[in-house]
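Since this is a predicted model, take the numbers as computed values, not measurements. Letters A, B, ... mirror the listed sequences (proteins, then strands); counts begin at 1.
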2 protein chains.
Amino acid sequence: MSQDVFKALSDPTRREILRMLRKRPMPAGELSEVFAMTKGSLSHHFNILKNAGLVRCERRGQFQVYSLNTSVFEETLAMLVDLFGSERKRKRS
Amino acid sequence: MSQDVFKALSDPTRREILRMLRKRPMPAGELSEVFAMTKGSLSHHFNILKNAGLVRCERRGQFQVYSLNTSVFEETLAMLVDLFGSERKRKRS
DNA sequence: TTGATAGTTTGAATACTATCAAACTATCAA
DNA sequence: TTGATAGTTTGATAGTATTCAAACTATCAA
């Protein structure tokens with residue numbers, strides 16, 4: 001539920017969704033206007049992003065408004081750093 | 001060839017390979033010892049990491065020695081930052 | 001209520017990925 | 001050469017992802 005972040009980021013559509021949400025929270029419909037894809041397919045992507053903790057979703061009347069969950073951003077950064085070990089704790093042989 | 005980084009990072013085996021290479025460059029065989037997987041399967045993962053630019057590979061005698069390509073690390077960080085827009089250039093409406 | 005709008009969920013088709021076993025290539029050592 | 005070791009590539013299979021169309025749920029407005 002939290003380690004699937006890279007999986008969630010591995011799809012171009014989902015990355016573009018994040019880039020759009022970067023500007024401001026948006027309802028599902030507005031997001032789906034810019035993708036050549038059915039609303040059902042987009043909803044599927046929203047779910048994956050939500051399960052990865054990358055976005056949150058809040059109902060406002062008829063609208064489901066999606067927004068970035070920036071706190072997970074830091075965790076994702078930390079995971080990347082862990083993969084590459086950028087803190088240089090390399091012991092010289 | 002360079003945007004497939006997230007795809008490459010989306011697999012747990014490949015992330016573990018990166019974590020191991022973090023310590024030091026290693027030949028394919030040594031890496032494949034710690035995975036419950038054939039050498040062929042590992043080789044497949046090496047290819048994906050190589051195509052994403054995350055690792056490099058150099059022959060030393062009979063050995064193919066893999067190592068981290070840390071320069072791509074920075075690019076990957078930049079891509080993450082791009083996705084989340086952490087530079088706060090948010091214009092207050 | 002009913003109808004319209006906004007979105008999700010389901011079921012099926014298609015495409016992609018991970019894996020294995022087996023065949024293959026490359027280097028070294030005799 | 002030949003044999004042994006190290007690794008890659010290939011072909012097949014099983015599992016996973018993406019997508020669509022269609023059915024469904026929820027809210028609003030009359």
Side-chain angles (χ1 to χ4, degrees), chain A residues 1-21 23-69 76 83, chain B residues 1-21 23-69 76 83:
Chain A
M1 199 101 169
S2 159
Q3 187 60 315
D4 302 312
V5 171
F6 289 118
K7 204 94 185 173
L9 291 175
S10 73
D11 181 85
T13 299
R14 292 194 287 267
R15 289 197 298 269
E16 189 57 31
I17 291 171
L18 292 177
R19 260 182 231 104
M20 297 198 62
L21 292 180
K23 300 177 207 152
R24 59 186 165 77
M26 284 188 207
E30 188 174 350
L31 282 164
S32 69
E33 276 168 16
V34 309
F35 294 95
M37 199 177 289
T38 64
K39 288 183 172 198
S41 299
L42 259 293
S43 196
H44 164 70
H45 287 301
F46 294 147
N47 261 319
I48 291 172
L49 290 169
K50 217 166 23 175
N51 289 335
L54 291 165
V55 303
R56 266 175 285 113
C57 179
E58 181 194 6
R59 180 177 276 284
R60 284 234 197 146
Q62 304 140 287
F63 303 94
Q64 294 282 5
V65 177
Y66 286 90
S67 57
L68 277 192
N69 183 3
T76 308
L83 288 178
Chain B
M1 197 106 169
S2 157
Q3 186 59 321
D4 303 312
V5 171
F6 290 119
K7 205 92 186 176
L9 291 175
S10 73
D11 182 86
T13 298
R14 292 194 288 268
R15 289 196 297 269
E16 190 56 31
I17 291 171
L18 292 177
R19 261 183 230 105
M20 297 197 63
L21 292 180
K23 302 175 206 152
R24 58 185 167 77
M26 284 188 206
E30 188 174 349
L31 282 164
S32 69
E33 276 168 16
V34 310
F35 294 96
M37 199 176 291
T38 64
K39 289 184 171 199
S41 299
L42 259 292
S43 199
H44 162 72
H45 287 302
F46 294 149
N47 261 318
I48 290 173
L49 289 169
K50 217 165 26 176
N51 289 335
L54 290 166
V55 304
R56 266 175 285 113
C57 180
E58 181 193 6
R59 180 176 275 283
R60 281 228 201 153
Q62 304 139 287
F63 303 94
Q64 295 281 4
V65 178
Y66 286 90
S67 56
L68 277 192
N69 183 3
T76 307
L83 287 178

Expressed in angstrom and rounded to an integer, what is the separation of [X] atom [atom1] from [N] atom [atom2]?
X: A/Phe63; N: D/dA26; atom1: CZ; atom2: C1'; value: 13 Å
X: B/Lys7; N: C/dA18; atom1: NZ; atom2: C1'; value: 13 Å
X: B/Leu9; N: C/dT17; atom1: CG; atom2: C1'; value: 16 Å
X: A/Gln62; N: D/dT27; atom1: CD; atom2: C1'; value: 6 Å
X: A/Arg59; N: C/dT5; atom1: CZ; atom2: P; value: 16 Å
X: B/Leu31; N: D/dT8; atom1: CG; atom2: C1'; value: 15 Å
X: B/Leu49; N: D/dT8; atom1: CG; atom2: C1'; value: 15 Å

Less than 4.5 Å apart, any side-chain heavy atom of [X] and any of [Y]?
X: B/Leu83; Y: A/Arg19; result: yes
X: B/Leu9; Y: B/Arg14; result: no
X: A/Tyr66; Y: A/Ile17; result: no
X: A/Gln64; Y: A/Phe46; result: no
X: A/Leu21; Y: A/Val55; result: yes

Next on the checklist: With the threshold set at under 4.0 Å for non-hydrogen atoms, list the residues of residues 33-46 of chain A touching DNA chain C in residue-number order.
Outcome noted: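 Those residues whose heavy atoms fall under 4.0 Å from DNA chain C, taken from residues 33-46 of chain A in numerical order, are A/Lys39, A/Gly40, A/Ser43, A/Phe46.
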Checklist entry - For DNA chain D, whose closest nucleotide is more 5', that of B/Glu30 or that of A/Arg60? => result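 So the residue in question is B/Glu30.
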Checklist entry - Nearest nucleotide by nearest heavy atom, which residue falls closer to the 5' end of DNA chain D, B/Gly29 or A/Thr13? => result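 By nearest-heavy-atom nucleotide position, the 5'-most residue is B/Gly29.
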Next on the checklist: From C-beta outward on A/Ala28, which listed nucleotide comes closest to its side chain: D/dT27, C/dT8, D/dA6?
Outcome noted: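 Looking only at heavy atoms from C-beta outward on A/Ala28, the closest nucleotide is C/dT8.
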Next on the checklist: Starting the side chain at C-beta, find the nucleotide from D/dT8, C/dA18, D/dT9 nearest to B/Asp11.
Outcome noted: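 Comparing D/dT8, C/dA18, D/dT9 against the side chain of B/Asp11, the answer is C/dA18.
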Item to check | Rounded distance (nearest 0.5 Å) linking atom CE of B/Met20 with atom CD of B/Glu33 | outcome: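 The CE atom of B/Met20 sits 9.0 Å away from the CD atom of B/Glu33.
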Checklist entry - What is the distance from atom CG of A/Leu49 to atom CZ of A/Arg15, rounded to the nearest 0.5 Å? => result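 So the gap between those two atoms works out to 11.0 Å.
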Checklist entry - Counting only side-chain N and O atoms of A/Arg14, is one of them less than 4.0 Å from OP1 or OP2 of D/dT18? => result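 Looking at the OP1 and OP2 atoms of D/dT18, one of them is under 4.0 Å from a side-chain N or O of A/Arg14.
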Checklist entry - Within the pair B/Tyr66 and D/dA6, is there a side-chain N or O less than 4.0 Å away from OP1 or OP2? => result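 For D/dA6, neither OP1 nor OP2 has a side-chain N or O of B/Tyr66 closer than 4.0 Å.
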Item to check | A/Ser10 side-chain N/O to A/Lys7 backbone N/O, donor-acceptor pair under 3.5 Å | outcome: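 Here the side-chain-to-backbone pair exists.
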Checklist entry - Is it true that a side-chain atom of A/Arg59 and a backbone atom of A/Gly61 form a donor plus acceptor pair closer than 3.5 Å? => result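 Yes: the side chain of A/Arg59 pairs with the backbone of A/Gly61.
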Checklist entry - Under the criterion salt bridge (charged side-chain N to carboxylate O under 4.0 Å, His left out), which of A/Arg24, A/Lys39, A/Lys23 is the partner of A/Glu30? => result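 Considering A/Arg24, A/Lys39, A/Lys23, a salt bridge (charged side-chain N to carboxylate O under 4.0 Å, His left out) with A/Glu30 is found only for A/Arg24.
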Checklist entry - What would the secondary structure line of DNA chain C be in dot-bracket form, counting Watson-Crick and G-U wobble pairs under 3.5 Å, with [ ] for pairs that cross earlier ones and | for pairs with another strand? => result ||||||||||||||||||||||||||||||
Checklist entry - Which is true for B/Ile48 with a 4.0 Å heavy-atom rule: it touches a base, it touches only sugar-phosphate, or it touches nothing? => result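 The residue B/Ile48 makes sugar-phosphate contact but no base contact.
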Checklist entry - What is the nucleic acid contact for A/Gln64, judged by heavy atoms within less than 4.0 Å: base, sugar-phosphate only, or nothing? => result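 Result for A/Gln64 = sugar-phosphate.
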